[in-house]
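The figures that follow rest on heavy atoms only: side chains count, while hydrogens, waters and symmetry mates do not. The structure presented is a predicted model; accordingly, all values stated were derived computationally and were not measured. Each chain gets a letter, A, B and so on, in the order its sequence line appears, and its residues count up from 1.
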Amino acid sequence: MLTDFNRLKVFYTIYRHKSAAAAAREMYISQSAVSQSLGKLERELKTQLFVRLHKKLVPTSAAGRLYEIIEPFVRNLEGGLAWLEAEKSGPRGVLRIGAPVEFGSRNLVELVAAFRKKHPAVFFEVALGHPDMLLPRLAAGELDFIFADIFPGRGARNLPPFTVSPVLKEKLVLACSAGYYSARLGGKLTPAALAGCEFLDYSQGQTALLNWFRHHYDKSFPGLKAVLTVESVQAILNAIKGGLGLGIVPEYLVEAELKAGSVKAVRTGRPELLNRISLVRLKGKAAAPAEKAFLENF
DNA sequence: CCATCCGGTCCGCGTTATAC
DNA sequence: GTATAACGCGGACCGGATGG
């Protein structure tokens with residue numbers, strides 16, 4: 001059983017001054033209180049900590065050992081409390097953020113860069129991955145907040161309540177190079193012709209592709225041929241330009257190529273599929289200053 | 001079921017006074 | 001300067017009530 005911390009603090013102060021009276025003055029309590037506290041600690045530990053000479057306290061070797069144990073702890077504690085105090089004057093510390101791979105490596109990194117210009121004492125740890133993996137980590141307090149595109153899976157049943165606020169919508173287009181378009185789809189843009197093409201996707205499950213097809217044709221197209229699977233928008237983009245097949249990318253990333261005609265987007269007449277990114281936080285969790293400042297930047 | 005509030009009880013801390 | 005006795009007060013703890 002750990003002894004009362006206040007008694008250890010009294011001991012620590014006596015040891016530093018080698019005097020109960022001086023410790024009492026420093027701690028703004030009576031000399032009597034210090035003496036009683038020390039006596040109690042010695043009885044608890046069943047160890048003599050000071051030899052009482054006339055008007056003098058001489059530490060025993062046990063006292064020296066105890067001081068060595070307590071001293072780093074007190075130093076840490078004082079440092080920690082100073083840190084908490086400093087935090088009031090401005091955001092600092094580490095922000096742990098979860099995000100989908102594409103959003104995290106593109107938009108989030110830009111946000112972090114802009115934020116750090118204003119608040120250089122804030123550092124970032126970004127975990128990239130699927131919301132199904134990030135939500136439990138948010139619930140366990142390992143992440144301060146996350147960004148999520150799909151929300152939520154059935155696996156999130158027994159997780160604590162979250163607050164979800166939309167932060168971004170971007171149009172997603174199914175695109176390929178102009179060469180690929182004229183060779184494989186020229187003049188016959190039917191669902192069947194489309195489904196027979198080569199595809200580029202972000203995950204083994206082809207969630208992005210399947211969503212696109214469901215959105216535009218109201219039915220699923222099983223057995224799409226994925227010739228490349230990679231968790232990187234940049235890679236998909238390069239593969240599209242290289243004529244490898246059809247891939248889904250945010251429209252604004254290929255705006256120039258679409259205008260120039262080097263990249264073609266598959267248009268069905270329906271509005272484009274939207275990628276909705278939401279901010280997900282633990283309900284009722286107070287935001288630390290760094291977190292608050294970051295979220296206010298939105 | 002869990003968190004919170006409330007009233008009552010009791011223990012221990014810190015005080016003063018005093019002895020050494 | 002330190003230790004001890006006596007004492008008052010605050011806070012910790014407990015059981016029960018209440019509310020979401």
Original post:
For the helix from B:dC1-C:dG20 to B:dC20-C:dG1, how many degrees between its two end axes (five pairs per end), to the nearest 10°?
Top reply: 40°

Just jot down the side chain to side chain donor-acceptor pair (under 3.5 Å) partners of [X], sequence neighbours excluded, or say none.
X        : answer
A:Arg92  : none
A:Asn107 : none
A:Lys169 : none

Subject >> Residue pairs passing the salt bridge (charged side-chain N to carboxylate O under 4.0 Å, His left out) test where at least one lies in residues 60-69 of chain A, sequence neighbours excluded >> reply: A:Arg65-A:Glu68

Subject >> Phosphate OP1/OP2 of B:dG12 contacted by A:Lys40 side-chain N/O (<4.0 Å) >> reply: no

Subject >> Phosphate OP1/OP2 of B:dG12: any A:Arg7 side-chain N/O under 4.0 Å >> reply: no

Original post:
Who pairs with A:Glu296 by salt bridge (charged side-chain N to carboxylate O under 4.0 Å, His left out), at least two apart in sequence or on another chain?
Top reply: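 In terms of salt bridge (charged side-chain N to carboxylate O under 4.0 Å, His left out), with neighbours along the sequence ignored, A:Glu296 is linked to no residue.
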
**OP:** Give the other cluster members for A:Val94, using side-chain heavy-atom distances under 4.5 Å between Ile, Leu, Val, Met, Phe, Trp and Tyr residues; answer none if it is isolated.
**Re:**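 A:Phe123, listed by chain and number.
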
Original post:
With sequence neighbours left out, which residue pairs that include part of residues 60-81 of chain A fulfil the ring-ring contact (aromatic ring centres under 6.0 Å, His included) condition?
Top reply: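 Sorted result for residues 60-81 of chain A: A:Phe5-A:Phe73, A:Tyr12-A:Tyr67, A:Tyr15-A:Tyr67.
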
Original post:
Which pairs with one or both residues in residues 258-294 of chain A pass ring-ring contact (aromatic ring centres under 6.0 Å, His included), sequence neighbours excluded?
Top reply: A:Phe115-A:Phe294, A:Phe124-A:Phe294, A:Phe145-A:Phe294

Original post:
Just by protein heavy atoms under 4.0 Å, how would nucleotides 14-20 of chain B read 5' to 3' in B, S and -?
Top reply: BBB----

**OP:** With a 4.0 Å heavy-atom cut-off, tell me which residues in residues 43-52 of chain A come close to DNA chain C, sorted by residue number.
**Re:** A:Arg52

May I have the list of side-chain donor-acceptor pairs in residues 233-260 of chain A shorter than 3.5 Å, sequence neighbours left out?
from: A:Asn238; atom 1: ND2; to: A:Gln234; atom 2: O; distance (Å): 3.4
from: A:Lys241; atom 1: NZ; to: A:Glu257; atom 2: OE2; distance (Å): 3.2
from: A:Glu251; atom 1: OE2; to: A:Arg267; atom 2: NH1; distance (Å): 3.2
from: A:Glu251; atom 1: OE2; to: A:Arg267; atom 2: NH2; distance (Å): 3.1
from: A:Tyr252; atom 1: OH; to: A:Arg106; atom 2: NH1; distance (Å): 2.5

**OP:** Please determine if A:Glu42 and A:Arg52 form a salt bridge, counting it only when a charged side-chain N lies under 4.0 Å from a carboxylate O.
**Re:**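 Salt bridge: yes.
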
